[in-house]
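All remarks here apply to the structure that follows.
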2 protein chains.
Amino acid sequence: AALAAAREDEEEKELRQRFMAPPVSGLRELRRRRREVRSRMELLIMETQAEVCRALAALDPGASFAVDSWERKEGGGGISCVLQDGEVFEKAGVNVSVVSGLLSEEAARQMRSRGKSLKAKDGKLPFCAMGVSSVIHPKNPHVPTMHFNYRYFEIEEADGTIQWWFGGGTDLTPTYLNEEDAVHFHKTLKEACDKHDLKLYPKYKKWCDDYFYIKHRGERRGIGGIFFDDMDSPSKEEVFQFVKSCAKAVVPCYIPIVKKHCHDSFTPEEKLWQQLRRGRYVEFNLVYDRGTKFGLLTPGSRIESILMSLPLTARWEYMHNPPESSKEAEILEVLRNPKDWVH
Amino acid sequence: AALAAAREDEEEKELRQRFMAPPVSGLRELRRRRREVRSRMELLIMETQAEVCRALAALDPGASFAVDSWERKEGGGGISCVLQDGEVFEKAGVNVSVVSGLLSEEAARQMRSRGKSLKAKDGKLPFCAMGVSSVIHPKNPHVPTMHFNYRYFEIEEADGTIQWWFGGGTDLTPTYLNEEDAVHFHKTLKEACDKHDLKLYPKYKKWCDDYFYIKHRGERRGIGGIFFDDMDSPSKEEVFQFVKSCAKAVVPCYIPIVKKHCHDSFTPEEKLWQQLRRGRYVEFNLVYDRGTKFGLLTPGSRIESILMSLPLTARWEYMHNPPESSKEAEILEVLRNPKDWVH
């Protein structure tokens, strides 16, 4: 027993050093309920945050992540890690949040995209929501923007039933198309999915193309990846393992692409096109993104962490239309008609 | 009669030269129904567009307005005038649109902020909507951004009753506070309002502060001006005359402020603060502005004209908080707690 306790202390010390900040629920509490998926998910999102931050920081030695731990008055809190105006990254944010409290039936319904009905006691539903989310905007227009988010929800109904589900995804937004990068990104995601079920990648690839659609432009935000929500089968354990595979795939998906292009030379015209694409990114996030909208409307949410996803700079030009068969038109074509990258 | 006809031809020729492009409804048609308010309003918005464009172009001699006339498949069209990347103006757009067609009861309800019920024939309501709208983003951070919009709606109910109303407003968004400018701007608007009814300015000044509220920031977009919607009393003629006074006040409100500051020197830090404020402008327009949201959701609307209101460039920094008692904090204070500028 003494030996086990010593090993646990050792593990705790190691986690403390590895994470960007102490976890919201506290290491002791997480250890106490270590068998529960919500504890293992909290450790996974903390680990993912640390892994991604370290991998990015290693590529941008002059810059470093600012780490803010914050609390939410209504319950829970988070850890925001942001690197701004580095050599390689214009803005890179990796955010963890673990919040809990009471939801109105209406708010609970809105959280589930399928809008399942939920039976509340006195109109209020205890909930717990946690996730890691990140947007990386590099400086060089030949390095794409990357976004990922993995999240877990629990809602307790009046009769004590716990409704739970996972959501998430990883997607890429290049300024210019590089087919090799697109294939590498999608293949890496497909491999992560295929370990669990061969049906997942095609389904979640399509969901991603459908979700990141800027309707008023008739364009997708980027070249996609995977996206899913409301995932609650085959079992909590199996979905958790799937989400873990996806989270572990973030670094191998993206970091090789950054390394490959971060020293590419570029012209002022290429930088300008990047800025215009950044404007579209802002349009999607502020007009359509469910997470952003939900965050902006939720009292007590941390605006700086929600809007961390916006680029450092963006541009809107009236009637900018790239010439036919230019590199700019090439990426637009793919954003208008998503491609299958892995078959 | 021949004399009258000659005078009319002369007038038409003059209008043709004065306007930025031929009016959507055609000069002949407008002459035919010259007594109707919708014709007089169309001439007023065309005149306002031309007046404002000319006044702006005179201050930015190197630049000129691109003029696009466009048609809407579903009925009507518009004229967009945009000056981009000039010496004085970063982006200045003045847009006229005159559209008509059929609305669903739901869409018609959404158009009126008070949500009056409308009785449709076969679920469809013939409507006509016209307006002039403009956003001017100057380069120099000491010259404020200005927005105005004046519009007129008609909806025909099943029994032939025409519901009509006017809406509009003019408001200012400075990067730094200049009290003298704020007072001049509000006084000029107040004078325009006071000619019609002393109650209008205080009511519409408050409406403006309430409308241009960026809820998630706890800030207004700017230092206000006037804003109104659903105005349908005391009579169509009187409301038209009021709107005309407001439209005529745009140039005297704003142009003296541009002239006063367009050669002010500024620091890179002041330019940076302007870019951050531009980011807030984007947030308001994409997240809250009813006109923008309505436009983005309306099939067949011209996206380039709707998003003309976005600045050429904008910036988002994580956790940017200006130091206490700085000039940046001074304007934030006024955006958080709107002031009374004319008493």
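By convention in this document, chain letters (A, B, ...) are assigned in the order of the sequence lines, proteins followed by strands, and residues within each chain are numbered from 1.
- Under the 4.5 Å side-chain criterion, counting only non-hydrogen atoms from C-beta, A:Phe19 is not in contact with A:Gln49.
- Interface check for chain B: of the options A:Lys293, A:Glu317, A:Met308, the most heavy-atom pairs under 4.5 Å are formed by A:Glu317.
- By a heavy-atom distance cut of under 4.5 Å, B:Lys91 are the residues of residues 91-100 of chain B near chain A, going up by number.
- Between chain B and the options A:Leu276, A:Ile303, A:Asp85, the largest number of non-hydrogen pairs under 4.5 Å is found for A:Ile303.
- Taking both residues in full, the closest heavy atoms of A:Lys139 and A:Gly86 are given as NZ-O, 2.6 Å, listed atom of the first, atom of the second, then distance.
- Counting heavy atoms from C-beta outward, B:Tyr254 and B:Thr170 have side chains that stay 4.5 Å or more apart.
- Side-chain contact check for B:Asp68 versus B:Arg302: some heavy-atom pair is nearer than 4.5 Å.
- For the pair A:Arg72 and A:Trp70, the cation-pi test (distance below 6.0 Å, angle within 45°) is failed.
- Scanning residues 209-221 of chain A against chain B with a 4.5 Å heavy-atom cutoff picks out A:His216, A:Arg217, ordered by number.
- Counting heavy-atom pairs closer than 4.5 Å to chain A, the top residue among B:Pro311, B:Ser305, B:Gly295 is B:Pro311.
- Taking all atoms of both residues into account, the shortest heavy-atom contact from A:Ser309 to A:Val135 is CB-CG2, 3.5 Å.
- Minimum interatomic distance between B:Val88 and B:Leu59 (heavy atoms only, all atoms of both residues): CG2-O, 3.1 Å.
- Within the 3.5 Å criterion, the main-chain N or O of B:His137 finds no donor-acceptor partner in the side chain of B:Glu90.
- Between B:Pro141 and B:Tyr176, the shortest heavy-atom distance links the atoms O-CD1, 4.1 Å.
- Within the 4.5 angstrom heavy-atom criterion, only side-chain atoms of A:Gln84, from C-beta onward, approach chain B.
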Report task. Give the intermediate values and the outcome of side chain to side chain contact (heavy atoms under 4.5 Å, CB included) for residues B:Ile136 and B:Phe89. Result -> CA-CA 7 Å; B:Ile136 316 296; B:Phe89 301 106; 3.5 Å; yes
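- Contact detail for A:Ile223 and A:Leu335: the closest heavy-atom pair is N-CD2, 4.2 Å.
- Residues A:Glu333 and A:Glu330 have side chains not in contact (no heavy-atom distance under 4.5 Å, counting atoms from C-beta outward).
- When heavy atoms are compared at a cutoff of 4.5 Å, A:Glu283 approaches chain B by way of both its backbone and its side chain.
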